2 protein chains.
Amino acid sequence: MLEQVEQLYEEKKIGELKALLNEMNPADIAQLLEELDNEKTRVFFFRMLTKENAADTFVEFDSDTQEDLIRAFSDTELRAVLDEIYVDDAADIIEEMPATLVKRILRNTDPETRLAINTILKYPEDSAGSIMTPEFVDLKKDMTVEDAFKRIRRQGVDKETIYTCYVTDASRHLIGVTTVKELLLHEYEDVISDFMETNVISINTLEDQENASILMSKYDFLAMPVVDMENRLVGIITIDDVIDVIQEENTEDIQKMNAMLPTEKVYLKTSVFETWRSRFPWLLLLMVSATFTGSIITTFEDKLATLTILTAFIPMLMDTGGNSGGQASVTVIRAMSLSEIEFRDYFRVVWKEIRVGFACGLSLAAVNFIKIWVVDRMLFKNDEITLLIDLAICLTLVVEIVFAKFIGCSLPMLAKKIGFDPAVMSSPFITTIVDAVSLLVFFGISTAVIPQLH
Amino acid sequence: MLEQVEQLYEEKKIGELKALLNEMNPADIAQLLEELDNEKTRVFFFRMLTKENAADTFVEFDSDTQEDLIRAFSDTELRAVLDEIYVDDAADIIEEMPATLVKRILRNTDPETRLAINTILKYPEDSAGSIMTPEFVDLKKDMTVEDAFKRIRRQGVDKETIYTCYVTDASRHLIGVTTVKELLLHEYEDVISDFMETNVISINTLEDQENASILMSKYDFLAMPVVDMENRLVGIITIDDVIDVIQEENTEDIQKMNAMLPTEKVYLKTSVFETWRSRFPWLLLLMVSATFTGSIITTFEDKLATLTILTAFIPMLMDTGGNSGGQASVTVIRAMSLSEIEFRDYFRVVWKEIRVGFACGLSLAAVNFIKIWVVDRMLFKNDEITLLIDLAICLTLVVEIVFAKFIGCSLPMLAKKIGFDPAVMSSPFITTIVDAVSLLVFFGISTAVIPQLH
């Protein structure tokens, strides 16, 4: 596609180029224009788009491209784009721009939009208010279906969605909700208050955006009303924004689960310094914690020197414990973020994980017992290995895995209970704890079981 | 809420109870009824629901509850529920039922629906066809807006969504798409072919459902057409199902990234055996791989015996290497699944990770160098530690972290290139490789740098 477009451009077939570009979906136009190396060509191509396509394409660009384009725009061009885009998209764009451009953008929006943008920008990051749009269709309860359609036809062109319509009273309190589907299935003379849904599920401006995504996927909504403290309707959240929230929250959870501070930026756009900054703190913390594990080894140095073969099993014991704990913690964190389990399920979860721990521990210990005896002792003729050493290792496996599963499921649930983010109680953190405990268990059991260490 | 309902039930205020239940949102009714311990009460409550609420509530139950209810239903009741639910939901329900119930369910659906359900069930799991519904509104290109609304009013009541309407020709080929919003914004006498979008983005029945979710969130669609090999429209995928797909795929990725085989079941509904089965294979594989790390230690046993203090730093080196590699792999896997990077970005990614690796390695080595000297040597008076030992440890840190970042970003990208799932090339797997390499590097550097080991 890029080649085709560039060829038309070189052959100066501007009419064809214009037709080709405008036929594409804005998301694809944006992708194509971002692949162009030359910024001047990009501006030239962008100017070929129809007013509507230009605006729809503009919101799809990443913020660097948006910034470049705004700098290249005349005030008239800027105003044309801003007139067409939705208020919530405008607010998103402004959030990423440097202060000088923000001023220029706000100067080129009409006063009403400017006020709306400023309202959205004032809500805390990640709140429902910050992702809502004030552009919705509101109806009155005594309207007929015919009135409603007239209003939708008049107001609808500028609204992000028209399919869910909210019914408000004179002081803008939310009193009902209906959909275009309902309206279409009723007669023209039916009155809205007779069939509107009065049990309206809404969200407060200051609530976490994650709640909006949970509620909307639970109830299969296309849009959700956002109300202020007095239950006045101030905006709506649309499903496309909720999908973005879901993906963002998932990325954030995955980052936290793997010992990184969350970053919102796209990977290739993040600088080396920013990436370092999100990874270094956890690496440092975990490195320091791991030195405690090291000091446990130091304490048993003498015994390890007596029976150096034991050292060879430390990596296997540490890795298996860490992996077992990681499995449990990740499963529990995910189940919590999908609202599948709550704190009141704690004992059921622990009971389950302990049984899974025994199942995994016993099966791995059995495999390991045979492997050590057949491979290490008989095949590689490692005479240092005795049946008691083999037993000590396998006993450690069972104990550490049960412990790892217990800690792995407990810490995230307890963290959430006391108001921390459960996702940070994940594999790397749990690995560090399990490592230390595994070594203590290993040395404890070895000392008790193996005669040479007495 | 549960208490209120149970009290009304005990006081035999059936009228009030019925009103209260039917006023709630079906997703909430389902949640409430699932919390009831007594199955008989649940059936009793369920029978109080209006026909529409009953069907909407039924699809929200988990499959065990659905199975119990179907067993309690008379054929008439079963038919009433089946008549009201959408074909794609019916197919989802049937997939989870035992064979005897499937027969009974299919016997109680009308022939047309039965055919549609069977068609959906025949598509491979996780294909676009398996999550589509054949219930959509189709228009013809010479219809006027008025004709279209008439058709929507007539057909719409049974359709999962009416907002996106597809235009097909006589042989059901998809030739255009329009929305109710477009229809509402045009005059009643306008002809659809004059304003319909002809550049229709569709998906093939056999494509992966994940592609549907990627396309729908890219283009902000509420519904997406599914076509067969001859471009005939056979169904649509709606946004609510796509959100479920997104969450499922995220859960699957998270499970794979943490050494588990993916399971689709809700955590508390998964048996201990099933959980064991999803966790054991990876634990076993990683345990066996970790024994190689152990054998590296065995090779250096003599040198470790000469300078036992070195053993104390093994956990820290192993954990830090594993965590560093995990960070890189998880970041790259996530960026790939959000389509932010592709294989052609490989060298950019590697170059970036190597620089981040140096930044993390040097900063951690610096902290560690001082910590070992000040804390271990001066504070704890561990005279075995020399400047050269300290240097060997910190040099190992830098080398292993750069290597971990390199392997961590490379393996997932290469895995995807050759057609494997990148998510399994994640932390636990990479940890195992990095562990072995870290030890080799550690022993190599130590032997070269520390005179006692010469």
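In this text, all values refer to a predicted model and were calculated from it rather than measured experimentally. Labels below follow one simple rule: chain letters A, B, ... track the order of the sequence lines, proteins then strands, and each chain is numbered from 1.
Atom-to-atom distance recorded for A:Phe313:CZ and B:Thr298:OG1 is 7.0 Å, nearest 0.5 angstrom. In this structure, CD1 in B:Ile297 is found 9.5 Å from CG in B:Asp435, a value given to the nearest 0.5 Å.
Only the side chain of A:Leu222 comes within contact range of chain B, judged by heavy atoms closer than 4.5 Å. Interface remark: A:Thr179 contributes backbone and side-chain atoms alike to the contact with chain B (heavy atom separation under 4.5 Å). For chain A, the nearby parts of B:Asn250 are the backbone and the side chain; heavy atoms of each come within less than 4.5 Å. With a 4.5 angstrom heavy-atom cutoff, B:Ser329 does not touch chain A via any of its atoms. For A:Ile333, no part lies near chain B; criterion is any non-hydrogen pair under 4.5 Å. For chain A, the nearby part of B:Lys159 is the backbone; its heavy atoms alone come within less than 4.5 Å. In this structure, no portion of A:Leu215 lies under 4.5 Å from any heavy atom of chain B. Both the backbone and the side chain of B:Tyr163 come within less than 4.5 Å of a heavy atom in chain A. With a 4.5 angstrom heavy-atom cutoff, B:Glu384 touches chain A only via side-chain atoms. Only the backbone of A:Glu23 comes within contact range of chain B, judged by heavy atoms closer than 4.5 Å. Neither the backbone nor the side chain of B:Met216 comes within less than 4.5 Å of any heavy atom in chain A. For A:Ala436, no part lies near chain B; criterion is any non-hydrogen pair under 4.5 Å.
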Subject >> B:Arg277 and B:Thr263: CA distance, side-chain angles, deciding distance, side-chain contact (heavy atoms from CB on, under 4.5 Å) verdict >> reply: CA-CA 10 Å; B:Arg277 203 175 47 189; B:Thr263 49; over 6 Å; no
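Side-chain N or O atoms of B:Glu60 include none that pairs as donor or acceptor with a backbone N or O of B:Pro26 at under 3.5 Å.
In terms of heavy-atom pairs under 4.5 Å with chain A, the best-connected choice from B:Ile401, B:Asn199, B:Thr161 is B:Asn199.
Annotation: side chain of A:Phe300 is not in contact with side chain of A:Leu439 (no heavy-atom distance under 4.5 Å).
When all heavy atoms of B:Gln327 and A:Ala259 are compared, the pair lying nearest together is NE2-O, 2.6 Å.
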